[in-house]
Every structure is written in C-alpha cells, then in structure tokens.
Number of protein chains: 2
Amino acid sequence: MSTAHTATKLPPAEAERHSPHYELIELLFFAYRDFVGGADQLLEAYRFGRAHHRVLHFVSRRPGLTVAELLDILRITKQSLARVLRELVDGGFVEARHGVVDRRQRLLHPTDKGRRLALQLAQLQSARFERALAELGPEARERAVQFLTAMIEPEERERVGAIARREAPRRALRAEA
Amino acid sequence: MSTAHTATKLPPAEAERHSPHYELIELLFFAYRDFVGGADQLLEAYRFGRAHHRVLHFVSRRPGLTVAELLDILRITKQSLARVLRELVDGGFVEARHGVVDRRQRLLHPTDKGRRLALQLAQLQSARFERALAELGPEARERAVQFLTAMIEPEERERVGAIARREAPRRALRAEA
DNA sequence: CCATTTATGACAGCCATATTGACATAAATT
DNA sequence: AATTTATGTCAATATGGCTGTCATAAATGG
C-alpha cells in the first residue's frame, strides 16, 4: 500500500506515506455506534430519533439557547430543525419564550419533563464513559478529553469547548419573558 | 433533576449519582462529526454516501467477506445493504465471486478502483488521527486504542478486535472462483 | 421614517438511509 | 426428500437530512 520499505529515500508522498490507522478508524466507528445505540433504544419509547436527542441535549445544556445558535451547533438547516423542534415543543419537552431584548428570538428552554429525559439520556451515555474510565487508570478522563479534543478541527475547538464547559454565550445579556 | 441536594443520606440511586460526563459526551459528538465529515465530502464526488463508505471499507479490509458477515459487522438489514452493495458493484468498486466451497455465498472483493478509493478515504481519516496523536505524547496511540476499546460493549470487543487486527475469519477455509 | 437586515416559521418536493414483512431461489445439510 | 441456509427482491414506510421559496415581525441603519 504505497509502501516502499526498502532503504530508499522515501519521497514523503503528498497524502500520507504510512499505512492508515485502520485499527483506530474501526475502533472509533464501533465505539460511536455503541455510544449512540443505547440512547436510540430509550428514544424509541418516545418515538423520537437522534435528531430529537441532540436538540433536547443542547437545549438542556444551554437553556435560553436561540434557534440560530442551535443551528450553528448542530450544523443542520432551519428546515431540518423545524420538525424535531416542533415535535419536542408539542410533546412538552421544550418550550420557547420570546426574548425581551430581542423579541424576534425564541429562547429555548427544557421543561421539567424535557430535563428529566435529557438527564436520563445523558446518564445512559455517561455510564459508558464511567465504565470505560474505570477500566483505565485514574488519568484516563483527562487523557480522553485531550484525545477527543485533538480529534476536533482546531478552528472548532474553542466553540465546542465553550459549549462543553458550559460557558456563558458570547452574546450579550438576553432577558426573556 | 431528580436532585435532593439537601444534606440527606443520598441513596446511591440506581442509575448514576454523579453528574453526567457532559464534556466527554459532547467532545465525542463533535469529534465523530469531524471524523466522518471529511470523508463525506470526498464521497460526494462519487455520489456515494456513508453507507457506501462503510461497505467499501470493510470489503477492502477483509477481501472475501460474505454478505452475511458484512451484515453482522454493519448491523443493518439485508435490504439496507442491497442497494449500496449493488451500486458499488455496478460502479466497479466491488466484485462478488461465488464461493467454491459453498456456492451460495458471494465473496466480496474490492476491485483496484475500489481499493484506491478505500485507501484514499482511510488516509483522509487517518490523517486526522495522525495530527491528533502528534499533538499528544508518544503513548497517545496506545492510549487511544485502549480508551476506544473500553468504550465498546465488552461482548463486542473480541469480534471488533478480530476485524480491526485483520485476523482470519473464524469460518474455515473458503476457496472461491 | 423608510429601507434593509435579521430571526424565525412554514410549505413543497426531493434524496439517502434505514426499517419490516413477504416471498423466491439455489445450494447445503440432515 | 425435507429442511435450513445464503442470498436476492419487492413493496411500503419512517427518519433525517437537503434546497428553494415565501412570509412575518422586529431590529437596525441611513
């Protein structure tokens, strides 16, 4: 595979001269599949899909999130978000309060019911991390954070980190009704 | 949040008494999104989707794979596989040779064209690992393998490992035409 | 104050990926 | 000869995306 392990000078080859990290590629594929698999099952009971989960998750994590911010996080289109958001609102999992500072905005909040479901889902996925970390050493958590962060596009990291560490939105104050 | 943070005895709670690992959950979400994102772009040029990628990947990794084995790896239904496999065969990326030992089987092989595309995709994703690992220490690779393995369902690990380490299929010899 | 931009919603239609269920065929196994 | 296995196929359906277009209300800039 593009090798040439003889002792020649080995032209660095534009793409990548090493054999690909197949093991890592596959482990990440299977790890992610199991990671989302558990939640999917629970969601079925509510007739929700992954899209609902993602929306509910970020709304719970950042109450008062605007639709635009959510679109930016999820990187989907308004139309794709519309249906799942409507279903979550109709089902009483999320509610939208119109902004006071900017009354065009719909600031999204989880209801108690939404918070409970979001927590349940987070605990499910968290349990997998908990078990994995327990199998590894005491520094495993910190290392996992570093590894996963390194896997994210550098330009994205700050934004992602802000969400993950639950910092205040960079937008100014946003009172709401 | 089912809390009761008053200073009562705090029964250990069946599910999980700690606050969930939100940071890890979100980092994995974003890391995976970026991980598959690059390949998705390349695949568009061929009018293929992720499903095609997965099939091509595993067929390239395990030439001679049977349809049943592939279904077992991907955990999708026969019908879901049918279209993408047909498109890959029609496009000349994969070819099926009927088994000699068991003539019902279709042993799947990548063509040269298929191998090239698979390699290109693997290099793309591999480059992300390469960059990430370079940012971390020299033991990062081994640690990543351990972490990702720990994230996989224990009962799945052996099977996954067999694929990832590219061991011979557990089924006996399978000559082919 | 008017024009423009912004935040959001909504409709129609399309595509990709997956599902289930039913049925068909050929080959292997008992 | 009967059954099981490996595979294929058809029809119908769900989900989660997409694009394009249009509408409305509110904010903002000249």
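Just so we're clear, the structure is a prediction, and the values are computed from it rather than from any experiment.
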Query - Partner residues of B/I76 under the side chain to side chain contact (heavy atoms under 4.5 Å, CB included) criterion, sequence neighbours left out - result: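 In terms of side chain to side chain contact (heavy atoms under 4.5 Å, CB included), with neighbours along the sequence ignored, B/I76 is linked to B/L71, B/L74, B/S80, B/L81.
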*asked:* Quick check on DNA chain D: between A/T77 and B/L85, whose nearest nucleotide comes earlier from the 5' end?
replied: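 Upstream on the strand: B/L85.
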Discussion item. With nearest nucleotide decided by heavy atoms, which residue, A/I76 or B/V67, maps closer to the 5′ end of DNA chain D?
Written reply: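 Nearer the 5' end of the strand: B/V67.
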Separation of [X] atom [atom1] from [N] atom [atom2], in whole Å?
| X | N | atom1 | atom2 | result |
| --- | --- | --- | --- | --- |
| A/D102 | C/dA7 | CG | P | 7 Å |
| A/R47 | D/dG16 | CZ | P | 12 Å |
| B/R103 | C/dT25 | CZ | P | 17 Å |
| B/L70 | C/dA18 | CG | C1' | 15 Å |
| A/L107 | C/dA7 | CG | P | 12 Å |
| B/R33 | D/dG16 | CZ | P | 17 Å |
| B/L43 | C/dC15 | CG | P | 19 Å |
| A/Y46 | D/dT15 | OH | C1' | 20 Å |

ask   = Does B/Q79 or B/E87 map to a spot on DNA chain C nearer the 5' end, using the closest nucleotide for each?
value =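 Closest to the 5' end, via its nearest nucleotide, is B/E87.
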Please determine whether a side-chain nitrogen or oxygen atom of [X] lies at a distance below 4.0 Å from atom OP1 or OP2 of [N].
| X | N | result |
| --- | --- | --- |
| A/H52 | D/dG16 | yes |
| B/S80 | C/dT17 | no |
| A/R86 | C/dC11 | no |

Base, sugar-phosphate alone, or nothing: which one does [X] contact when heavy atoms must sit under 4.0 Å apart?
| X | value |
| --- | --- |
| B/A51 | sugar-phosphate |
| B/R75 | sugar-phosphate |
| A/R83 | base |

**Asked** Taking side chain as C-beta onward, heavy atoms only, is B/Q105 less than 4.5 Å from B/H98?
**Response**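 No; the side chains remain at least 4.5 Å from each other.
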Name the orientation class of the two ring planes belonging to [X] and [Y] (parallel below 30°, tilted from 30 to 60°, perpendicular beyond 60°).
| X | Y | answer |
| --- | --- | --- |
| A/F58 | B/F29 | tilted |
| A/F147 | B/F147 | perpendicular |
| B/F35 | B/Y32 | tilted |

Quiz item: Do the charged groups of A/R159 and A/E69 touch, with an N to O distance under 4.0 Å?
Solution: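 Not counted as a salt bridge, because no side-chain N and carboxylate O are separated by less than 4.0 Å.
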Report task. State whether B/E95 and B/R97 are salt-bridged, where the test is any N-O pair (Lys NZ or Arg NE/NH1/NH2 against Asp/Glu carboxylate O) under 4.0 Å. Result ->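 Counted as a salt bridge, because a side-chain N and a carboxylate O are separated by less than 4.0 Å.
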Can you give me the N/O atom pairs linking the protein to nucleotides 3-5 of chain D at distances under 3.5 Å, or say none if there are none?
unit_1: D/dT5; atom_1: O2; unit_2: B/R104; atom_2: NH1; d: 2.2

